[in-house]
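Here is the structure we will look at, set down as structure tokens.
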Protein chains: 2
Amino acid sequence: MPVSLSAARHEPAARARFAALGSFSRTDSEAPVTLNDYLRAIHGCSSRQHYRRGETIFSEGEPADRVCKVISGTIRLCRYSPDGRRHVVDFVNAGDLIGFLECADQPWTAEAVTDVTLVSYPRASVDRLAASNAAIRTRIACHLSAGLLEAQHRLFVLGCQCAKERVASFLVRQGDRVDLMAGEALDLPMSRQDIADHLGLTIETVCRALSALRSGGLIAIPNSHELILKDMGALRAMAIES
Amino acid sequence: MPVSLSAARHEPAARARFAALGSFSRTDSEAPVTLNDYLRAIHGCSSRQHYRRGETIFSEGEPADRVCKVISGTIRLCRYSPDGRRHVVDFVNAGDLIGFLECADQPWTAEAVTDVTLVSYPRASVDRLAASNAAIRTRIACHLSAGLLEAQHRLFVLGCQCAKERVASFLVRQGDRVDLMAGEALDLPMSRQDIADHLGLTIETVCRALSALRSGGLIAIPNSHELILKDMGALRAMAIES
DNA sequence: CGATCCATTGAGAATATTCAATGGTCGTGG
DNA sequence: CCACGACCATTGAATATTCTCAATGGATCG
């Protein structure tokens with residue numbers, strides 16, 4: 001199960017869209033009660049795990065019997081085809097939740113992009129909690145809906161956008177995800193290959209697109225894992241925030 | 001809101017994956033109670049509509065206040081970008097349900113590919129029904145999950161597959177969706193342009209891919225809206241049922 | 001300090017797109 | 001019933017984009 005919780009948080013449009021149903025944001029001023037808050041009720045049956053950069057957290061096909069909250073670090077969710085192609089379904093950051101899909105087996109493999117700390121709850125406990133509380137069920141439905149809308153937005157990106165636009169879309173999404181301040185560097189813990197497999201491009205094409213954006217003055221690249229979004233307006237226009 | 005109910009039905013893998021949670025299939029021998037069955041309880045507040053081929057059923061941004069069941073015909077769900085690009089998010093066939101997303105506004109436009117008859121229920125009534133019944137809430141969560149898994153599979157298709165593979169994936173999915181008999185013609189009511197916009201290709205590339213599949217003996221094309229899947233094994237191999 | 005891994009850039013090849021022309025089908029109206 | 005017109009599908013040729021292969025550069029970690 002999966003779907004980073006982030007979906008509703010990152011895109012302003014999605015945020016507005018869900019306003020009537022309650023924000024997913026973790027900033028308490030905006031939303032008094034989040035899915036995250038509800039999980040605290042079953043803190044007693046949670047467990048904490050650490051993973052090293054590169055480690056596999058769980059693999060496709062394993063029983064999907066836990067809900068996970070990322071405490072620190074970044075995870076990538078991958079699907080591998082028999083002939084070795086890889087698709088990075090999503091990146092999951094600190095604060096995000098995965099594991100709410102109604103799905104007996106893990107639909108993908110989760111790998112640690114950086115060192116990762118996460119807290120996990122038995123799915124059975126979460127289900128019991130949900131059974132007892134209508135509000136949390138609504139949150140879960142919102143969470144799944146947000147994930148689906150996010151996936152559909154990404155379908156648009158892969159189906160309709162060229163390489164440069166895809167990279168711009170990715171950067172805008174990452175930037176929104178962390179509520180980036182103007183001029184502040186965006187952290188990109190994942191490799192260029194990860195980004196490429198996320199966007200349906202090759203590593204070289206991602207590099208060239210980034211170089212082109214830099215040449216155009218839209219971004220600066222202090223080092224390969226940090227990046228400054230110099231012209232957010234132009235990036236958004238290129239990303240076609242539909 | 002959205003997501004054709006079909007998701008869990010079409011892919012054997014997805015079907016197996018959800019077995020533990022109950023199949024979505026409409027063949028009663030497999031599943032005694034479906035989301036569809038539950039809706040009968042509120043048949044009293046349903047209404048029936050007809051649309052002509054090409055008509056818009058609802059548009060992106062309108063209030064999403066009804067759940068719809070397609071009785072006959074085919075719908076395409078589209079997202080338009082400001083500069084006119086179109087992405088066909090999904091096709092919805094007879095028996096499929098849309099409108100379960102937790103989303104105040106329609107995230108896409110629904111257009112009739114053929115003449116369409118549908119029955120719709122007020123979202124508020126569906127929500128009341130769900131509030132009173134834990135089983136239906138589970139079904140809805142399964143429905144949303146299936147939609148999300150389907151969307152993620154399509155992300156793999158758009159991100160990792162070449163034109164010929166994408167078309168093969170599309171045909172396999174359409175074939176599975178209707179439980180096609182060997183040798184039976186597959187109905188493709190949508191235009192080549194619709195298929196192209198669904199697969200992130202151009203109309204010409206779709207035509208060329210179909211011609212190539214025909215040359216390879218995998219399919220036959222009696223006419224442009226009917227098609228025979230002659231070598232389902234080879235098609236599945238090309239589609240990489242991951 | 002060296003080795004490895006990752007990122008970047010270049011050049012040539014492959015794939016898909018664009019532009020263009022032809023052919024076929026369907027529906028309308030004579 | 002046939003003819004016309006509109007629209008859609010198909011194919012070809014040239015172009016553009018992205019990929020593949022290759023080499024170099026830079027950073028990180030023993």
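Protein chains get the first letters and strands the later ones, always in sequence-line order, with residue 1 at the start of each.
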Derivation of the side chain to side chain donor-acceptor pair (under 3.5 Å) call for H198(A) and R154(A): CA-CA 10 Å; H198(A) 184 56; R154(A) 285 183 25 66; 3.3 Å; yes
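- In summary, R86(A) and D194(A) engage in a salt bridge, as defined by a charged side-chain N under 4.0 Å from a carboxylate O.
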Listing, residues 205-213 of chain B side-chain donor-acceptor contacts under 3.5 Å, not counting sequence neighbours, or none:
residue	atom	partner	partner atom	Å
T205(B)	OG1	T202(B)	OG1	2.9
S211(B)	OG	C207(B)	O	3.0

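- Side chain of D115(A) to main chain of R53(A): a donor-acceptor pair is present (N/O by atom type, distance under 3.5 Å, no hydrogens or angles).
- R192(B) contributes a side-chain N or O that, together with a main-chain N or O of S224(B), makes up a donor-acceptor pair within less than 3.5 Å.
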Going 5' to 3' along nucleotides 6-20 of chain C, which nucleotides have protein heavy atoms under 4.0 Å from the base (write B), which only from the sugar-phosphate (write S), and which from neither (write -)? -SBBBB----SBBB-
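- Using modelled atom types, one side-chain atom of T114(B) and one backbone atom of T74(B) make a donor-acceptor pair closer than 3.5 Å.
- Residues Q49(A) and S47(A) have side chains that bring a donor and an acceptor to within less than 3.5 angstrom of each other.
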Atom pairs under 3.5 Å: protein N/O with N/O of nucleotides 23-30 of chain D:
none

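- Listed for the Q174(B) side chain is no donor-acceptor partner under 3.5 Å among the backbone atoms of L171(B).
- For E226(B) and dG24(C), the CD to P distance is 19 Å, given to the nearest whole Å.
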